[in-house]
K.L.:
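One structure, pasted below without further comment.
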2 protein chains.
Amino acid sequence: MAQRKNSPTIHDIAKALDVTPSTVSRALNNHPRISQTTKEAVWRMASTLNYQHNHLAAALRRGRSSLLGVMVPTINRSFFSSVVRGIEEVANEAGYAVMVCQSHEMQEQEAANVQVLLRTQVDGIIVSVGKGTSDFSHFQQIIDRNTPLVLFDRVPESLPASAVVIDDYRGAYQATRHLIEQGCRRVIHLAGPAHLNIYRDRQRGFEDAHRLHGLPLETSQILPGSLQQDAGHDSITALLEAGEPFDGIFSASDYAAVGAMQALKARGIAIPEAVAIAGFSNEPFTSMIEPGLTTVEQHSRQMGQTTARIFLEQFDHQGDPYVPRRTVLTPELIVRGSSLRQNPR
Amino acid sequence: MAQRKNSPTIHDIAKALDVTPSTVSRALNNHPRISQTTKEAVWRMASTLNYQHNHLAAALRRGRSSLLGVMVPTINRSFFSSVVRGIEEVANEAGYAVMVCQSHEMQEQEAANVQVLLRTQVDGIIVSVGKGTSDFSHFQQIIDRNTPLVLFDRVPESLPASAVVIDDYRGAYQATRHLIEQGCRRVIHLAGPAHLNIYRDRQRGFEDAHRLHGLPLETSQILPGSLQQDAGHDSITALLEAGEPFDGIFSASDYAAVGAMQALKARGIAIPEAVAIAGFSNEPFTSMIEPGLTTVEQHSRQMGQTTARIFLEQFDHQGDPYVPRRTVLTPELIVRGSSLRQNPR
DNA sequence: CTGAAAGCGCTTACAG
DNA sequence: CTGAAAGCGCTTACAG
């Protein structure tokens, strides 16, 4: 079995200095009513003994852990890892350690992770929900426990919690309008699962861009799918094999857009001349491929920072009647070679 | 201030059932010497009261937190996020929650994170060191505290800790040999900081491939750098501007390789005909770009799983005299269009 | 099979 | 400016 970790405690420091643990604790926490001499003696002794503060014990006593839980569908997306980075920056600054975990898009894993985070007594939880989640009761449990919950990007509307999102509708609208301005007359939309706000909003933006430009739109132009790279590839390949005509693609994901590009290239279809294409998220690879993929920047790092700040506010006002708020960031269209035609219209 | 979280405790369950906290605790932990009837009553009451086990308190009492700390340079690399995924799989299975943090390649942040992890009383720490780290005393501190430490991929040799790596030498050797077999006679190596084992080994593999194939090698063929995308771009651009001749590139990083490819393309140099190129890591984008980038697969997920298993072993044998071990995984060369010539030699 | 009691390492009102 | 004492919520040898 695990052997006792003979780490020195506050008690050891106290004994060595012939003061009480109370004094040592106060000195370590830089309490104002402890003399400078005592503080320095304690600090020196702590360093000599290689004292390591037991955060667990302090957390138990204080009723707060200074741990912030973050759950994302996967860290293996530039979007999510950038958001995490933004959260870290603000949280660390405020004295929080961040505990990151992944749902891998599965509801079961998501619910299990919520249990882990709550049991670990995190002071708050930040979440972007997985594609596989349709029942949100595990989040309700967080709220019931009075633990601050902040959502970002993928946000279930039914939950009374604050959220930070970008204006997906607007990003999609702009991307689609851009394709139309480049001369596209029949644009395909690679859409995501409609139970997620972001994909619903992107589809609405796509639709409204057509409406407001007086362009007809058939439901067959909208292809829902997993938005993975292979799904994009397969959807477009099927379309081409069926002989369906189209001259533009707006994908709700950069990954599916790349798959689509590969399907087009495999048949020698010119991008952007024959088919112009735009994605969503500005993943780093979008500027590595050729032609560069037109996409929508989501300001992920800033989104993380904002989310963390809202958690901090909410934590400080815990107990007060809290009115959930929604923060909407503005997306930015990044135009690259995949959609930019020589002679638009 | 934060308000008391009125969560029910073991004591509440005990009172409601008219038994003692001891019994409730045992029932919840499924202790063998508690009657089935009592257990079921406790479980039912726990569920009725919506009891949430306080992991912090249990951890404090038991002297173990069931938390595993993982520190990587950045989660924003497919390699690292896959390793983390592998660690998670094994650790969760064994009842551990994983706490991920990033050093962002900076020694200071790395040392600070070690403090956070130790204070949080994690049961073990898994690390891949940052590029900016030259002083390893913060890791020594982990060992001194008797907390299991396992390293992977980027491993300081001076530390008496177990490590999991791939055979970087072999991967580099194979990639370079492949380039030579494709007819390259003067290969450039985009190298990484020599204080990191992986880059030293990759360079050795590069060198030995030349030696064993009787090909001359000048020191000017080795270009050390940050291995970021723009660094690769700039190094190769400078070489071209200087009129240096070369017909192959072996980059110690996929990112730098992409930068190099962009530099070549910008000047209309044919890949792989004029210059063949290979990278390292098999990042997903290597199969998205054109031509596909030849690279070395590192079996990252398996690396994570292995690392986690070694932690578990080490934790179980804590206190025993532990002999650090080194596990070396075999890399795999992935040949793609960036290096495959029609008529080799 | 269950209970009484001590204690994990810290913090903090209450005194002085 | 410092101390004595209680307690955060749990677990676990020791009894019976």
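Only heavy atoms go into these numbers, but all of them, side chains included; no hydrogens, no water, no symmetry mates. Chain identifiers are assigned alphabetically (A, B, ...) following the order of the sequence lines, protein sequences preceding nucleic acid strands; residue numbering begins at 1 within each chain.
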K.L.:
Under the side chain to side chain donor-acceptor pair (under 3.5 Å) test, which residues partner B:Arg309, sequence neighbours left out?
P.N.:
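B:Arg309 satisfies side chain to side chain donor-acceptor pair (under 3.5 Å) with no residue once adjacent residues are dropped.
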
K.L.:
Can you tell me how far C1' of C:dT11 sits from CD1 of A:Ile34, to the nearest Å?
P.N.:
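Spelled out: CD1 on A:Ile34 to C1' on C:dT11 is 13 Å.
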
K.L.:
So which of residues 15-24 of chain A are in contact with DNA chain D, with a heavy-atom cut-off of under 4.0 Å?
P.N.:
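The stretch gives A:Val19, A:Thr20, A:Ser22, A:Thr23 as the residues lying under 4.0 Å from the strand, ordered by number.
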
K.L.:
Under 4.0 Å: is that the gap between some side-chain N or O of B:Ser25 and OP1 or OP2 of D:dT11?
P.N.:
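So the side-chain polar atoms of B:Ser25 do come within 4.0 Å of the phosphate oxygens OP1 or OP2 of D:dT11, strictly under.
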
K.L.:
Looking across every strand, which nucleic acid part, if any, lies under 4.0 Å from B:Thr9 by heavy atom: base, sugar-phosphate, or nothing?
P.N.:
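Sugar-phosphate: the residue B:Thr9, judged by heavy atoms under 4.0 Å, touches backbone atoms but no base.
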
K.L.:
How does DNA chain D look in dot-bracket notation if pairs are Watson-Crick or G-U with both distances under 3.5 Å, crossing ones as [ ], other-strand ones as |?
P.N.:
|||.||||||||.|||

K.L.:
Ignoring hydrogens and angles, tell me if any N or O in the side chain of A:Ser65 forms a donor-acceptor pair with the backbone of A:Gln121 under 3.5 Å.
P.N.:
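Yes, the answer is positive, given that a donor and an acceptor are paired below the 3.5 Å cut-off.
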
K.L.:
Under the salt bridge (charged side-chain N to carboxylate O under 4.0 Å, His left out) definition, can you give me all pairs with a residue in residues 97-120 of chain A, not counting sequence neighbours?
P.N.:
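Every pair satisfying salt bridge (charged side-chain N to carboxylate O under 4.0 Å, His left out) with a residue in residues 97-120 of chain A: A:Glu105-A:Arg154.
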
K.L.:
Testing the 3.5 Å rule here: is there a donor-acceptor pair between the side chains of A:Ser35 and A:Thr38?
P.N.:
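Yes, side-chain donor-acceptor contact under 3.5 Å.
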
K.L.:
By side chain to side chain contact (heavy atoms under 4.5 Å, CB included), which residues pair with B:His195, not counting sequence neighbours?
P.N.:
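Residues passing side chain to side chain contact (heavy atoms under 4.5 Å, CB included) with B:His195: B:Pro193.
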
K.L.:
Considering only C:dT11, D:dT11, C:dC1, which nucleotide approaches the side chain of B:Thr38 most closely?
P.N.:
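Within the option list, the nearest is C:dC1.
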
K.L.:
In residues 42-53 of chain B, which ones come under 4.0 Å of DNA chain C, going by heavy atoms?
P.N.:
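Close to the strand, none.
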
K.L.:
Using a cut-off of strictly less than 4.0 Å, decide whether A:Asn29 has a side-chain nitrogen or oxygen near OP1 or OP2 of C:dT11.
P.N.:
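The answer is yes; a side-chain N or O of A:Asn29 sits under 4.0 Å from OP1 or OP2.
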
K.L.:
Specify the separation, in whole Å, of atom CD of A:Gln121 and atom C1' of D:dC10.
P.N.:
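Distance check: A:Gln121 CD to D:dC10 C1' gives 11 Å.
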
K.L.:
What's A:Ser35 touching, base or sugar-phosphate or nothing? Going by heavy atoms closer than 4.0 Å.
P.N.:
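Since only primed, P, OP1 and OP2 atoms lie under 4.0 Å of A:Ser35, the category is sugar-phosphate.
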
K.L.:
Compare all side-chain heavy atoms of A:Pro160 with those of A:Ile143 and state whether any distance is below 4.5 angstrom.
P.N.:
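They are in contact (side-chain heavy atoms under 4.5 Å apart), so the answer is yes.
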
K.L.:
Each nucleotide N or O in nucleotides 14-16 of chain C that has a protein N or O under 3.5 Å away: list the pair and distance.
P.N.:
none

K.L.:
Tell me every residue that passes ring-ring contact (aromatic ring centres under 6.0 Å, His included) with A:Phe79, counting only those two or more places apart in sequence or in another chain.
P.N.:
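Counting only residues at least two positions away or on another chain, A:Phe79 forms no ring-ring contact (aromatic ring centres under 6.0 Å, His included).
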
K.L.:
Are OP1 or OP2 of C:dT12 and a side-chain N or O of A:Arg61 less than 4.0 angstrom apart?
P.N.:
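For C:dT12, neither OP1 nor OP2 has a side-chain N or O of A:Arg61 closer than 4.0 Å.
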
K.L.:
Test: ring-ring contact (aromatic ring centres under 6.0 Å, His included). Region: residues 10-36 of chain A. Which pairs qualify, not counting sequence neighbours?
P.N.:
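As it turns out, there is no ring-ring contact (aromatic ring centres under 6.0 Å, His included) pair with a partner in residues 10-36 of chain A once direct neighbours are skipped.
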
K.L.:
Quick one: list whatever passes ring-ring contact (aromatic ring centres under 6.0 Å, His included) with B:Phe311, sequence neighbours left out.
P.N.:
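If we apply the ring-ring contact (aromatic ring centres under 6.0 Å, His included) test to B:Phe311, skipping adjacent residues, the hits are B:Tyr96, B:Phe315.
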
K.L.:
Between A:His55 and B:Gln36, just flag the one whose closest nucleotide in DNA chain C comes earlier from the 5' side.
P.N.:
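Result of the comparison: B:Gln36.
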
K.L.:
Ignoring hydrogens and angles, write down the donor-acceptor pairs under 3.5 Å from the side chains of residues 41-52 of chain B, residues two or more places apart or on other chains.
P.N.:
residue	atom	partner	partner atom	Å
B:Trp43	NE1	B:Ala27	O	3.1
B:Thr48	OG1	B:Arg44	O	2.7
B:Gln52	NE2	A:Gln115	OE1	2.8

K.L.:
A:Glu313: what forms a salt bridge (Lys or Arg N to Asp or Glu O under 4.0 Å) with it, not counting sequence neighbours?
P.N.:
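Listed in chain order: A:Arg325.
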
